[in-house]
Amino acid sequence: MLTEREKMLAGELYDPLDPELVAGRERGRELCWELNGPREGQQEARRKILRELFGAGGDDVWMQPPFFCDYGANIRLGKKCFFNFNCVVLDVCLVSIGDHTLFGPAVQIYTATHPLNAELRRKQESGKPIEIGSDVWVGGGAIICPGVKIGSKTVIGAGSVVTRDVPAGVFAGGNPCRVIREIVE
């Protein structure tokens, strides 16, 4: 039988009040509070927290606090990613981000989702993993919804709401986000 954590990571309905999950969220949120506290000159203190917070990639991510997430451990970063001010990642499922990917201010990444049935919604939730390729630029204020895959070398316009997969090498924008044109090198 699967634990609630295993169900969560598998994208199945799970109980968010399970003690293991509550402890994981408390850990992630405490680390976010610690991350958001040090001043700009205290980079080594931030780096230590980032290494502890993320499942991978804390060694060389460039983080401009404040930053907020649920667990942190479910976020896997490639090399040299950048998060600008006020980014939020709800990582109840795996969030995979490729090398050299940039997030503008106030980008929100949501793996969490809830049942449409009100009775179920009172006690269970679920999630869908998100994959973002390498060399992606996500403009400020964009929202990336559960289950979305964004291909490498794509640009997502500021304020976009990404509800569906976006292929590699395109500029996409809007609400809902749609491909506007190919990016020609």
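Note: hydrogens, waters and symmetry copies are ignored here, and every other heavy atom, side chains too, is used. Treat the numbers as computed from the prediction; the structure is a model and nothing was measured.
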Applying the 4.5 Å side-chain criterion to the ILVMFWY set and letting contacts propagate, would Ile109 and Phe54 be lumped into a single cluster?
yes
Do Thr101 and Asp135 have side chains that approach each other closer than 4.5 Å (heavy atoms only, starting at C-beta)?
no
Residues Val179 and Pro167: closest non-hydrogen pair is CG2-CD, 3.8 Å
Between Lys128 and Cys93, which heavy-atom pair has the shortest distance, and what is it?
N-SG, 3.6 Å
When you group the ILVMFWY residues by side-chain heavy-atom contacts below 4.5 Å and let the links chain together, are Val95 and Ile49 in the same group?
yes
Where the side chain of Asn175 meets the backbone of Val161, is there a donor-acceptor pair that is under 3.5 Å apart?
no
Return the CE to OG1 distance between Met8 and Thr3, rounded to the nearest 0.5 Å.
8.5 Å
Are Phe85 and Met63 grouped together when hydrophobic residues (ILVMFWY) are joined by side-chain heavy atoms under 4.5 angstrom apart?
no
Can you confirm whether Arg5 is buried at CZ, in the sense that more than 12 heavy atoms of other residues, nucleotides or ligands lie under 6.0 Å from that atom?
no
Below 4.5 Å, heavy atoms only, C-beta onward: do Tyr71 and Leu21 meet side chain to side chain?
yes
Short question: side chain of Arg121, backbone of Leu116 - any donor-acceptor pair under 3.5 Å?
yes
I want to check something: taking the side chain as every heavy atom from C-beta on, are Pro66 and Asn86 in contact at a cut-off of under 4.5 Å?
yes
Below 30° counts as parallel, above 60° as perpendicular, anything between as tilted: where do the rings of Phe67 and Phe83 land?
perpendicular
Under 3.5 Å, side chain of Thr111 to main-chain N/O of Leu90, donor-acceptor pair present?
yes
Any side-chain heavy atom of Ile156 sitting closer than 4.5 Å to one from Val162?
yes
Heavy-atom closest contact (Ile180 atom, Gly173 atom, distance)
CD1-N, 3.7 Å
Strictly distance-based, threshold 3.5 Å: is any side-chain N or O of Thr113 a donor or acceptor partner for the main-chain N or O of Gly127?
no
Ile75 side, atom CD1; Ile130 side, atom CD1 - distance, nearest 0.5 Å:
10.0 Å
N-O pairing of Arg29 and Glu26 below 4.0 Å
no
Would you say Asp60's side chain and Lys80's backbone share a donor-acceptor pair under 3.5 angstrom?
yes
What pair of heavy atoms forms the shortest contact from Arg164 to Val148, and how long is it?
O-CG1, 3.7 Å
Salt-bridged, Arg51 to Glu44, with N to O below 4.0 Å?
yes
Hey, mind stepping through Asn74 and Val92 against side-chain contact (heavy atoms from CB on, under 4.5 Å) and telling me if it holds?
CA-CA 7 Å; Asn74 301 325; Val92 303; 5.8 Å; no
Rounded to the nearest 0.5 angstrom, the OG-CZ distance for Ser160 and Arg178 is 10.0 Å
Quick one about Glu40 and Gln64 (side-chain donor to acceptor, distance below 3.5 Å, no hydrogens or angles considered), yes or no?
yes
Answer with yes or no whether the side chains of Tyr14 and Glu125 bring together a donor and an acceptor at under 3.5 Å.
yes
Indicate if Val170 and Phe103 have the same hydrophobic cluster label, given that clusters are the connected sets of ILVMFWY residues with side-chain heavy-atom separations under 4.5 angstrom.
yes
Within the distance-only criterion (no hydrogens, no angle test), does the side chain of Thr163 pair as donor or acceptor with the backbone N or O of Cys177 below 3.5 angstrom?
no
How many angstroms lie between atom CD of Glu6 and atom CD of Glu20, to the nearest 0.5 angstrom?
8.0 Å
Looking only at heavy atoms, the pair that brings Cys69 and Leu53 closest together is SG-CD1, 3.8 Å
Given the rule that I, L, V, M, F, W and Y join up when any side-chain heavy atoms are under 4.5 Å apart, are Ile183 and Ile150 in one cluster?
no
Val155 side chain reached by Val136 side chain, heavy atoms, under 4.5 Å
no
With rounding to the nearest 0.5 angstrom, report the OG to CD distance, Ser152 to Glu131.
10.5 Å
Tell me, yes or no, whether the heavy-atom count around Glu30 atom CD, taken from other residues, nucleotides or ligands under 6.0 Å, exceeds 12.
no
N/O donor-acceptor pair under 3.5 Å between Asp99 side chain and Ser134 backbone
no
When you measure from the side chain of Ser126 to the backbone N and O of Gly11, does any donor-acceptor pair fall under 3.5 Å?
no
Minimum heavy-atom separation for Gly55 to Arg76, with atom names?
CA-NH1, 3.7 Å
Checking Arg27 side chain against Val22 main chain: does a donor-acceptor pair fall under 3.5 Å?
no
Looking only at atom types and distance, does a side-chain atom of Glu4 sit under 3.5 Å from a main-chain N or O of Asp15, one as donor and one as acceptor?
yes
What's the spacing between Thr154 OG1 and Glu182 CD if we round to 0.5 Å?
10.0 Å
